[in-house]
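Below, chains carry the letters A, B, ... as their sequence lines are ordered, and counting in each starts from 1. Quantities reported herein were computed from a predicted structural model and do not represent experimental measurements.
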Amino acid sequence: MPKTSPGRFFEDFRLGETLRHATPRTVTAGDVALYTALYGPRFAVQSSDAFAKAIGYPHAPVDDLLVFHIVFGKTVPDVSLNAVANLGYADCRFLCPVYPGDTLSTVSEVIGLKENSNRRTGVVYVRSRGFNQHGDEVLAYVRWVMVRKRDEAAPAPPEHVPTLPRALEPDQLGDACPLTDPAAYDTGLAGQRHRFSDYVPGEQIDHVDGMTVEEAEHMLATRLYQNTAKVHFNQFTEGQGRFGRRLIYGGHVISLARALSFNGLANAFHVAAINSGRHVAPLFAGDTVFAWSGIVDTQILPGRDDVGALRIRTIATKDRPCADFPLVAGEDYDPAVILDLDYWALIPR
Amino acid sequence: MPKTSPGRFFEDFRLGETLRHATPRTVTAGDVALYTALYGPRFAVQSSDAFAKAIGYPHAPVDDLLVFHIVFGKTVPDVSLNAVANLGYADCRFLCPVYPGDTLSTVSEVIGLKENSNRRTGVVYVRSRGFNQHGDEVLAYVRWVMVRKRDEAAPAPPEHVPTLPRALEPDQLGDACPLTDPAAYDTGLAGQRHRFSDYVPGEQIDHVDGMTVEEAEHMLATRLYQNTAKVHFNQFTEGQGRFGRRLIYGGHVISLARALSFNGLANAFHVAAINSGRHVAPLFAGDTVFAWSGIVDTQILPGRDDVGALRIRTIATKDRPCADFPLVAGEDYDPAVILDLDYWALIPR
Amino acid sequence: MPKTSPGRFFEDFRLGETLRHATPRTVTAGDVALYTALYGPRFAVQSSDAFAKAIGYPHAPVDDLLVFHIVFGKTVPDVSLNAVANLGYADCRFLCPVYPGDTLSTVSEVIGLKENSNRRTGVVYVRSRGFNQHGDEVLAYVRWVMVRKRDEAAPAPPEHVPTLPRALEPDQLGDACPLTDPAAYDTGLAGQRHRFSDYVPGEQIDHVDGMTVEEAEHMLATRLYQNTAKVHFNQFTEGQGRFGRRLIYGGHVISLARALSFNGLANAFHVAAINSGRHVAPLFAGDTVFAWSGIVDTQILPGRDDVGALRIRTIATKDRPCADFPLVAGEDYDPAVILDLDYWALIPR
């Protein structure tokens, strides 16, 4: 039996099975610095120990999306090495803050299987959970991917498509955010004066700036997350593939869009949940990413008067400024759209 | 009122006003490692805790220019988002050492305003001060930038051009350098035997080596400093602009020149002050940076016999080795020159 | 006398002389994060404090090859600034674990000299030793390089070629690995179930994946190691040289091959020794690196029943997958081969 892993094919997954993923990872101040260099985030809580302490954190927490990428990266060798496409995310909750020094590991459960009618591929649904070194769950989310079959003749498993919430409820938000002191939250230092009550559903915000991506950048990022998906790294093979070039990890786009969104959402400091996420089109090196956000909903959190929740839909585009809020074109997405992300962020009241 | 900031235009500045900049930033060992990877500095005091301790620091301080870039980065959203050009620096003093774990923030005062005769732009002078989490001032400097007017018809403010020193005086140097033990300063480990008394005014040093810059590198650096100037990141827009490409942050050139200057100035371990700095021409990815330095002056520091000060003029060029010390061509700079930097560095006696 | 160093030429070396290299360097969590971002290693012991503690380390040690690169980098200004080629490594032993916070410095002894028949160059053999801040030797190795003469007429030194072992012996391995608890070594978390007894001499493993290298990546890496060899950084000069482009530091290839080898050697967590290493051909940006390994030998370590040693020969190629284990073509290497590395790795029994 070979010692190298070819990854799992569709027929290798069993409904209900648990996948304990490899490569526990201690997150450090080094990872945080690289994350800053890769995306340029400016949210004060994650940027400054002093700011974080002032409002009630022990010190600056690790950026939520860096946690997401590290937890996600571990699932790739077991779930998506033979994936054709990463179809979506849902029911993603941040459950416990992560600080430099914490060690993260990931376990997934197969919660859905559906063979495609072509019999060559199938959709696998997994719920992945990230844990710290104390066994505390720090993150849980569902994603579904289209995976190739090794053998088209392999029998299809019983079809099971899980029911997923369209969005998390307000009482499911905030576990990863300690009780903070909104009076100590200095909006001057944070960069924008708008708090929870300043945002209204229906509001649209163009984040203005654009960020061009280089090959070295997305590969540094994706390796930092120990994400091994082949399509991101191997120009020799990808040069002969369907795009002729390396594909950028979808999570890289999410982090770019979130960093750009600081301009307009500077105080929405914590990603509490991701309701749904879809990579509408691929991004390649040399492309410039822009983003805009719409406020979908605003909710107070039961039992908390320090922070409220904004439900935000962030659309990222490539090579297309967002002053006119591009989204649809006919019955489909505008061709410039690459990401459609629906999430809850917490913001001081 | 929109939630995104368009930045300030010339007519938005008021003489004497204070700008409290956003995004406090905790500096970490991760930032130091990235700084090393980006420029390759080899000054022993900043590279080694053991070396720094031996001469009297509690441990290795953060590179002075990394401190400068982080303090500077915070001023960009408020001062230079609509800048046409960064015209110069002066009266820059390093006042307190910075160590990993310190949190930096920046405040600026508008100290000069002068509308240009075309009435489309004006020059803004600001004195920026960086502070650590204890409120200690770690850095102060003046810079002036040419900023666009939003409305050409807006009335000009009263003209005020501040008087700036051509150079700092010896008694203004050394506050960021603890008293050191020059006998414990091991020139063998530091890489060069020359001390204060080995340098003489008029001496010229070619730093020999060249360093080519890639797009990914300068963007990683500039994001690390949370500097948001649009011209560095957005190829989609810059591709349509006056250079057709992204412009490299001027501070990147300063750090490259300083790192190259190790070859000849290995023991000039601390930048105590910048007398003046001018970005003579832009640098673009693919260009190779060279540098040479002239010793302008040497001074002892009142009350200190551990270190002396070298006043150094460092000239950086692009795609032009510096064996013949290029500087002027006719009445202007040599066309290869990109930086003219005049600073004071401390060196063991 | 000029203050810049031109580096040593062949006739400057004396048999038996000691070179105390410059630039002591404190290794930090920032360096570790960059190393992860540059190569994507996934060995659990180095990735996770919790995993390392569970088996008996105080916390995660620094990757052995990162230690090698930092120790090596210091020798460049004194040994190989005027090198034509880095010919080989041998007798390399890791002697003491390195942890973030340790400060490394390097001393070399000239152990061999041999002028080439063309009288224009000669081969210099040095034994380099890396030490931590306590004076503990952490690494020792021999390398030999071909160095230019300054003056072809300079007399040749007495020829002395040191006798070097073809491979380290089992009783010379393991000093840098504390006694571990193999029962606590969780192969599920580490990513592969195979332990010492699962490997047999003669076995060949294709590491499957390929990694494309960008200019920014290898320059970031090489500067991180404070390796100043000119050929890696200066496109202006190299563009006029024999390859027309920047040459990638050979150690970058070693680290890439080692990271790729995780797929098949996931539990071979510690490089205990390098028996020999040869950079067969140069690597350039844009090339994609692949690798395969052969198991040359397996040995138990005297007095230790926690880990055994695998002697591994890893071959790296460029733009050539390794499913058929490319090595020779006629009497020479396969033209795609760039690295031939023979090393001992420890793996739990």
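The residue among B:A216, B:P24, B:A22 with the most heavy atom pairs within less than 4.5 Å of chain A is B:P24. The most heavy-atom pairs under 4.5 Å with chain B, out of A:L38, A:D198, A:I205, come from A:L38. Per-residue counts of heavy-atom pairs under 4.5 Å with chain B were compared for A:G30, A:G191, A:G210; the largest is that of A:G210. Here A:G264 is the residue among A:G264, A:P321, A:G286 with the most heavy-atom pairs under 4.5 Å with chain B.
Every residue two or more places apart in sequence or in another chain that forms a side-chain contact (heavy atoms from CB on, under 4.5 Å) with A:D209 is listed here: A:L260, A:N263, B:K230. The side-chain contact (heavy atoms from CB on, under 4.5 Å) search around A:A257 returns A:A291, A:T314, A:A316, A:L339, not counting sequence neighbours.
Looking at B:H232, there are no atoms closer than 4.5 Å to chain A (heavy atoms on both sides), in backbone or side chain. Contact annotation for A:V208: only side-chain heavy atoms (C-beta onward) come within less than 4.5 Å of a heavy atom of chain B. At a 4.5 Å heavy-atom cutoff, the contact between B:T228 and chain A is made by side-chain atoms alone. Using a 4.5 Å cut-off between heavy atoms, B:L34 contacts chain A through its side chain alone, with no backbone atom that close. With a threshold of 4.5 angstrom between heavy atoms, A:F43 does not approach chain B through any atom at all. When heavy atoms are compared at a cutoff of 4.5 Å, A:E203 approaches chain B solely by way of its side chain, counted from C-beta outward. If you measure heavy-atom distances from B:P100 to chain A, you find no contacts under 4.5 Å at all.
The nearest pair of heavy atoms linking B:T103 to A:A50 is OG1-N, 3.8 Å. Of all heavy-atom pairs between A:A33 and B:T28, the closest is CB-OG1, 4.4 Å. Residues B:P77 and A:R42 share a closest heavy-atom pair of CG-NH1, 3.9 Å.
The shortest distance between side-chain heavy atoms of A:D186 and B:R20 falls below 4.5 Å. Looking at A:E217 and B:E215, their side chains never come closer than 4.5 Å, going by heavy atoms from C-beta outward.
For the pair B:T26 (side chain) and A:D49 (backbone), a donor-acceptor distance under 3.5 Å is present. Side-chain atoms of B:T4 do not come within 3.5 Å of backbone N or O of A:H207 as any donor-acceptor pair. Not one N or O on the side chain of A:T288 forms a donor-acceptor pair closer than 3.5 Å with the backbone of B:N234. Without hydrogens or angle criteria, B:Q226 side chain to A:P41 main chain gives a donor-acceptor distance under 3.5 Å. Side chain of B:R25 to main chain of A:S47: no donor-acceptor pair is present (N/O by atom type, distance under 3.5 Å, no hydrogens or angles).
Distance check, rounded to the nearest 0.5 Å: OG1 of A:T317 to CZ of B:F236 gives 8.5 Å. Of the inter-residue distances, the one linking B:H21 atom NE2 with A:L189 atom CG reads 11.0 Å to the nearest 0.5 angstrom. One finds the CZ atom of A:F51 at 9.5 Å from the OG1 atom of B:T23 (value rounded to the nearest 0.5 Å). From A:E214, atom CD reaches atom CD of B:Q235 across 8.5 Å, with rounding to the nearest 0.5 Å.
The pair A:D206-B:K3 does not meet the salt-bridge criterion, since no charged nitrogen lies less than 4.0 angstrom from a carboxylate oxygen.
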